[in-house]
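Input: a single structure, listed below in structure tokens.
Naming convention: chains lettered A, B, ... in sequence-line order (proteins, then strands); numbering from 1 in each chain. Heavy atoms only: backbone and side chains are in, while hydrogens, waters and symmetry mates are out.
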2 protein chains.
Amino acid sequence: MELQEAKDRFIHTWGTLATQWGINRTMSQIHALLLLSPKSLNADEIMEELQISRGNVNMNLRDLMSWGLIYKQLLPGERKEYFQAEKDIWKAARQIGRERRRRELSPILETMEDIKKGVSDDSPESADFLKVVNDIYAVAGFADNTLDLVTKSEESWLTSTFVKLFK
Amino acid sequence: MELQEAKDRFIHTWGTLATQWGINRTMSQIHALLLLSPKSLNADEIMEELQISRGNVNMNLRDLMSWGLIYKQLLPGERKEYFQAEKDIWKAARQIGRERRRRELSPILETMEDIKKGVSDDSPESADFLKVVNDIYAVAGFADNTLDLVTKSEESWLTSTFVKLFK
DNA sequence: TTGAATTTTCAAAATATTCTGAAAGTTTTC
DNA sequence: GAAAACTTTCAGAATATTTTGAAAATTCAA
């Protein structure tokens, strides 16, 4: 297999995997492309490479920046904006963890707290309901703490201490 | 706030949150409904409660079963099938962890292994590419191991030992 | 068996998401 | 300050996903 062929396969597969877990295919493919690119790329190059429109590229680049997975780079003597992926995969993974925590876990915690406030715990039915809400709160809180911990750790610590500790 | 109102809010919110992280709204709502229901429900009751079609109910019930989050119950003297949610939220969460591991992490690990096999590591360009692939493999493997560990632990251990250990 | 009760399937409709491309907006250069 | 270079926006088009509901399949009691 040619290297280019393998890269294309990587980009394509990465996009397909992403859709499986609720992430936009194009966003993943742009991310994969930038991950594999030794130099940073501008919008035109990404359009050309992935055969997609300018609007699509622009939108997904901003999305990727909001996830903290790519950076904008202004090259001296160049008018165009260039983009570069965070190449440290462990760092990128921690970033994804932080964002998912913020986007997925925080809303659950907030909602459960809100709902708890609105229910008076005097009937047995209320108690049953509150038990479910409290349990979900506890599980989400556990996940939140764990993810917080992991995203604050260094790769070296994660791969050595953590894994060994639990072997 | 009436208890019923709070329950409805819970069901509705749970559905909305779910769409935010790539899960079908109706599936989440059925799950929430069953979580809150003291008795198991049949398809007609779910249709009525959530105002959705029979086909939709059937499809999502099967989906929920494939996630191991609900069980089919055959009541003596009843022709209809009844459904019950796993009420132990910690158990349900571990089940979700197991499934996500299988559905999201395993495919990454397999794909990365596959891609590695197809590239000969003799050029510097290949080496760069393989580094990315290997790093992703390592991160996914770490996530896979961690999730495996957590999903095999009991609630009591998770909430006491685990959290304290890392405080 | 038969047929009534129930579940499953699936093509078409409804809805939601993503993508395009041209127009509008912004920045930089001269 | 005009115009060229570039980026952003967004309405409509394309695509993908979800939902419906009626028909087909299955189950079960008699």
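The side chain of A:T26 contributes an N or O atom lying less than 4.0 Å from OP1 or OP2 of C:dC19. OP1 or OP2 of C:dA22 has not a single side-chain nitrogen or oxygen of A:R54 nearer than 4.0 Å.
For the pair A:F83 and B:G55, both in contact range of DNA chain D, the more 5′-proximal nearest nucleotide belongs to A:F83. Nearest-nucleotide assignment on DNA chain C puts the 5′-proximal partner with B:N58, out of B:N58 and A:M27. Both A:E78 and B:R79 sit near DNA chain D, but only A:E78 has its closest nucleotide nearer the 5' end.
Figure legend: cation-pi geometry between A:R62 and A:W67 absent, as NZ or CZ is not positioned both under 6.0 Å from the six-membered ring centre and within 45° of its axis. For the pair B:K116 and B:Y137, the cation-pi test (distance below 6.0 Å, angle within 45°) is passed.
Checked against C:dC19, D:dT9, D:dT8, the side chain of A:N24 finds its nearest nucleotide in C:dC19. Proximity note for A:E81 (side chain, C-beta onward) versus D:dT19, C:dT7, D:dT8: the nearest is D:dT8.
As a whole-Å value, the separation of B:D63 CG from D:dT19 P is 11 Å. Atom-to-atom, CG of A:N60 to C1' of D:dT8 comes out at 14 Å; the value is rounded to the nearest Å. The CD1-P distance, from B:I46 to D:dT20, rounds to 14 Å in whole Å. Rounded to whole angstrom, the span from the CZ atom of A:R25 across to the C1' atom of C:dA16 amounts to 16 Å. What separates CE of A:M59 from C1' of D:dT9 is a distance of 11 Å, to the nearest Å. Whole-Å rounding puts the B:I52 CD1 to D:dT20 P distance at 6 Å. Regarding B:L61, its CG atom lies at a distance of 16 Å from the P atom of C:dT6, rounded to whole Å. Between the CE atom of A:M47 and the P atom of D:dC6 there is a distance of 13 Å, given to the nearest Å.
A donor-acceptor contact closer than 3.5 angstrom is absent between the side chains of A:T13 and A:T16.
The neighbour count for A:M59 CE, taken as heavy atoms of other residues, nucleotides or ligands under 6.0 Å away, does not exceed 12. Annotation for B:E49: atom CD does not count as buried by contact number, only 12 or fewer foreign heavy atoms lying within 6.0 Å.
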